[in-house]
Amino acid sequence: MDLGIKGKKAIVCAASKGLGKGCATALAREGAILTICARGKEALEATADEIGKLTGTRPTAVACDVTTEDGRKALLAACPDPDILINNAGGPPPGDFRNFSLEDWRKAVEANMLSPIALIHATVYKMMDRGFGRILNITSASVRAPIPTLELSNGARCGLTGAVAALARKTVHRNVTINAILPGPFETDRLRGTTQKMAEARGASFESIHNERKKEVPAQRFGTTDEFGATAAFLCSAHAGYITGQNLLIDGGSFPGTT
Ligand code: NAP
């Protein structure tokens, strides 16, 4: 299927690795003209090279922290009028409500709620003027069912979801959609990092915990970044103009946890 986005300008945030990279690669395969960001320049440039080799068009790479005002300014300077915006950033750390300070909450809200809102605010009205726009927020399965160890994430991501729910219904008549993908367990550095911590805490090997976590998923495996990217690319496609305000859970059947 031709997704109809060849030549569309796309910003994919936090895209040197993992889910963001999966989205960037899928959009680039469809001929979108990409601007990608991440904080670490080396991995970001390597990803831009990789996508360039794969598709013949190298993305513009902006090394910045998208959770800061300066970072977002740099990103928008490189691509002032995106047709597609995929919001993403690292997730807040795990922990317990008792130990979180107000500053911890402020950081989580800044990174996973206010940063996407700022980028949406800077781009959505111009998308409406042009009559095409696709905005996708990468949130988490925690929006559907809170994850006990990720209270900062639960709060900030539900805040973002609520903040754009009405807006998504106000933009769609101008062919601008706003949706979210809620990932369950996907095989990325972040997932491998949390597995490593669990293994250390339980004095077990990485492999044993990795396999145990896989078995908890009804699909008996983790999602791949290619699968994630393909879903994102469809939601950003010309065919998806009637899908807005949706929160698509992709979790291999994990919710509601009946197995
Ligand atoms: P990942 O593999 O660790 O990749 C994260 C990417 O984001 C890297 O490219 C990283 O590069 C970049 N990044 C992080 N913070 C950034 C910032 N402040 N500014 C710019 N770039 C930034 O993580 P992932 O698994 O793809 O996760 C992406 C998001 O989905 C996270 O919010 C995560 O919590 C959420 N999520 C993931 C899963 C999963 O199973 N993988 C499940 C639920 C939710 P730099 O570090 O160089 O900046």
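Just so you know, ligand 1 is whichever comes first in the structure, and atom 1 is the first atom listed for that ligand.
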For [atom], the protein heavy atom that lies nearest, with its residue and separation:
atom: atom 22 (C) of ligand 1; value: Ala14 CB, 3.7 Å
atom: atom 21 (N) of ligand 1; value: Ala38 CA, 3.3 Å
atom: atom 23 (O) of ligand 1; value: Arg190 CB, 3.5 Å
atom: atom 16 (C) of ligand 1; value: Arg39 NE, 3.5 Å
atom: atom 47 (O) of ligand 1; value: Gly40 N, 2.8 Å
atom: atom 43 (C) of ligand 1; value: Pro183 O, 3.2 Å
atom: atom 19 (N) of ligand 1; value: Val66 N, 3.0 Å
atom: atom 29 (C) of ligand 1; value: Asn88 OD1, 3.2 Å

Report, in ascending order of atom number, the atoms of ligand 1 lying under 4.0 Å from any heavy atom of [X].
X: Cys64; value: 19 (N), 20 (C)
X: Ala89; value: 29 (C), 31 (C), 32 (O)
X: Asp65; value: 17 (C), 18 (N), 19 (N)
X: Asp189; value: 2 (O)
X: Pro185; value: 40 (O)
X: Leu19; value: 26 (O), 30 (O), 37 (C)
X: Gly91; value: 31 (C), 32 (O), 34 (O)
X: Ser16; value: 8 (C), 9 (O), 11 (O)

Exercise: identify the closest heavy-atom pair between [X] and [Y]:
X: Leu150; Y: Arg190; value: CD2-NH2, 4.1 Å
X: Thr177; Y: Thr244; value: CA-OG1, 3.4 Å
X: Asp129; Y: Arg174; value: O-NH2, 3.4 Å

Query raised in the report: Side chains of Thr123 and Pro82: closer than 4.5 Å at any heavy-atom pair?
Result: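 Yes - at least one pair of side-chain heavy atoms lies under 4.5 Å apart.
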Query raised in the report: Looking at Leu114, Val143, Ile117, which hits side chain to side chain contact (heavy atoms under 4.5 Å, CB included) with Leu160?
Result: Ile117
Query - Over 12 foreign heavy atoms within 6.0 Å of CD, Glu42 - result: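 No, the 6.0 Å shell around CD holds no more than 12 heavy atoms from other groups.
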Query raised in the report: Counting only heavy atoms not in Glu69, do more than 12 sit closer than 6.0 Å to its CD atom?
Result: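 Result for CD/Glu69: open.
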**Report entry** Sidechain N-carboxylate O distance under 4.0 Å for Glu30, Lys6
**Finding:**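 No salt bridge links Glu30 with Lys6.
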Requested in this report: Could you tell me whether Lys17 and Asp189 make a salt bridge, using a distance below 4.0 angstrom between a side-chain N and a carboxylate O?
Outcome: yes
Query raised in the report: Any protein heavy atom sitting closer than 4.0 Å to atom 33 (C) of ligand 1?
Result: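 Within 4.0 Å: yes, protein heavy atom nearby.
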Looking only at non-hydrogen atoms, which of [options] approaches [atom] most closely?
atom: atom 2 (O) of ligand 1; options: Asn87, Thr188, Thr139, Leu44; value: Thr188
atom: atom 38 (C) of ligand 1; options: Gly193, Gly184, Ser140, Gly223; value: Gly184
atom: atom 14 (C) of ligand 1; options: Pro93, Gly90, Ala141; value: Gly90

Query raised in the report: Does ligand 1 have an atom under 4.0 Å from some heavy atom of Ala43?
Result: no
Query - Test item, Arg157 contacting ligand 1 (heavy atom, 4.0 angstrom) - result: yes
Query raised in the report: Parallel, tilted or perpendicular: which describes the rings of His210 and Phe206, with under 30° parallel and over 60° perpendicular?
Result: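 Geometry flag for Phe206 against His210: parallel rings.
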Query raised in the report: When you look at Arg221 and Glu187, which way does the salt bridge (charged side-chain N to carboxylate O under 4.0 Å, His left out) test go after all the steps?
Result: CA-CA 9 Å; Arg221 65 176 180 85; Glu187 182 129 26; over 6 Å; no
**Report entry** Cluster link Ile178 to Met128, ILVMFWY, side chain under 4.5 Å
**Finding:** yes
Query raised in the report: Is the shortest N/O to N/O distance between Phe186 and ligand 1 below 3.5 Å?
Result: yes
Query - Quiz item: cation-pi between Arg134 and Phe132, 6.0 Å / 45° - result: yes
Query raised in the report: Are Phe222 and Phe186 close enough that their ring centres sit under 6.0 Å apart?
Result: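 Judged by ring-centre distance (under 6.0 Å), Phe222 and Phe186 do not meet the cut-off.
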